[in-house]
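Data block below; observations after.
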Amino acid sequence: MLSLGEMMNRLCIFLFLGFSAVTATAQAGSDSLKATFESDFYVGAALSREFASKKGQARRELVKREFNSVTSENSQKWSSMNPKPGDLRLEAADEFVRFGSDQGMYVVGHVLFWHNQTPDWVYEDSNGQPLNRKELLTRMEQRVKHAANRYGKNIDAWDVVNEAYLENGTLRETKWRQIVGDDFVEQAFRIADKEMPSSVELIYNDYGMTEEGKRKAVVEMVRDLKRKGVRIDGVGMQGHWTLNHPSIELIEASIVAFANEGVDVHISELDIDVLPDRNKAFGANVKKTLESTPSNDPYKDGLPQEMQRKLADRYAAIFGLFYKHRDKVKRVTFWGVTDGHSWLNNWPIKGRTNHALLFDRHYERKPAYRAVIEVKKGAGA
Ligand code: G3I
């Protein structure tokens, strides 16, 4: 017998998520992404607060059913955890880590050092004057120490540095580079290696990793770190791709190139943009935006069958490749859970209706979901 309180609680969850979400959660069939690829690689999702929070209990159930790895979409970025000097806001990050570790998932912290979502104060002293190299290195060390003390072994891997290179393989012009210098990535990994528990895997993460220039630069960077005895365990290929770009051959070339350097390959932020006007050169540069026009938002009322098929075929081809290279690929993480919560609804044009993931706006599995499961079944497993 349910108590009145429990009944009210369930009614709230039901109203909050809508009928279809709850039915989708209840129909936990024997198939799931994590069970299907259990012997091959982790299958993960980036969690926004709606999915990591206790308030999103039904959403959490979907995550628990399908995924065995989680990444923090925004809650562990510097601006989220520590927007002003001395102002620590850790509730969302704590909730994310607790959820993932309580479930025994492979938990990925995102991200220690990035040029975006890092507040200006990080690079300045209390008078607003730029820090020098030594001072900024100390500040970096403080951030890693804090993360290591707070989350320790409850985090399995950290994205140590995100997006330090441009597609042509040169270092991006950031405050990190300006103040610390060209060895900023090396210094970041040295600090992470020193401060994090040895079980925590250290990852370099970037988009556009199938571009030749960036691939070569990252290969060279991994070699250089290893030559110097600095630990790096994995390379994250974000995977913000479209229906046509990059080709399977380009993706394969990068997986093989990184694996050849003796690091795990993580597909760390997978989604497939189905909307027009995505210039491939944008990669996932959040600073680049386009004008909205009616013609570049064509699937407001849902994705037509023909496009569902194209998306399913694209996901099947990509997962076929990941499966082929399952000895090299440690994890495949989607950048979000459902289409309704994907960042691609707001980039590179704000407020569009994108359909980039495996679960639709009603939390239902899409044809692309089935196509991904079929990759494994088709392989005779
Ligand atoms: O939380 C505020 C909210 O209070 C405010 O009202 C609203 C107004 O715009 O903004 C909200 O913050 C937004 C935040 O996402 C949370 O939704 C930020 O504006 C928005 O810029 C931020 O975007 C995130 C983006 O990184 C920022 O750089 C996306 O959610 C997140 O998916 C995206 O993730 C990045 C990875 O970290 C690195 N790789 C590329 C990937 C996609 O850009």
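Both ligands and their constituent atoms are indexed starting at 1 by order of listing. By convention here, the first residue in the shown sequence is residue 1.
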Query raised in the report: Going by the order shown, which atoms of ligand 1 are within less than 4.0 Å of some heavy atom of N162?
Result: 38 (C)
Report summary line: Taking only non-hydrogen atoms of E163 and a 4.0 Å limit, the atoms of ligand 1 in range are 38 (C), 39 (N), 40 (C)
**Report entry** Under 3.5 Å donor-acceptor, T210 side chain and L250 backbone
**Finding:** no
Query raised in the report: Looking at ligand 1, does any of its N/O atoms fall within less than 3.5 Å of an N/O of K350?
Result: no
Query raised in the report: Are any of the N or O atoms of W114 closer than 3.5 Å to those of ligand 1?
Result: no
Query raised in the report: Among pairs that include at least one residue of residues 135-144, which meet side-chain hydrogen bond (donor to acceptor under 3.5 Å, both in side chains), considering only residues two or more places apart or in two chains?
Result: E141-K194
**Report entry** Mode of N74 contact toward ligand 1 - side chain, backbone, both, neither (heavy atoms, under 4.0 Å)
**Finding:** side chain
Query - Test item: side-chain donor near acceptor, E269 and N205, under 3.5 Å - result: yes
Query raised in the report: Among H115, K77, E269, Q117, which one has a heavy atom closest to atom 33 (C) of ligand 1?
Result: K77
**Report entry** Best match, Y207, W335, W343: closest heavy atom to atom 34 (O) of ligand 1
**Finding:** W335
Query raised in the report: Do F334 and F322 belong to the same hydrophobic cluster, where Ile, Leu, Val, Met, Phe, Trp and Tyr are linked whenever their side-chain heavy atoms lie under 4.5 Å apart, directly or via other members?
Result: yes
Query raised in the report: Taking the six-membered ring of Y207, is NZ or CZ of K214 closer than 6.0 Å to its centre and within 45° of its axis?
Result: yes
Query raised in the report: Looking at residues at least two apart in the chain, or sitting in another chain, which of them share a salt bridge (Lys or Arg N to Asp or Glu O under 4.0 Å) with D271?
Result: none
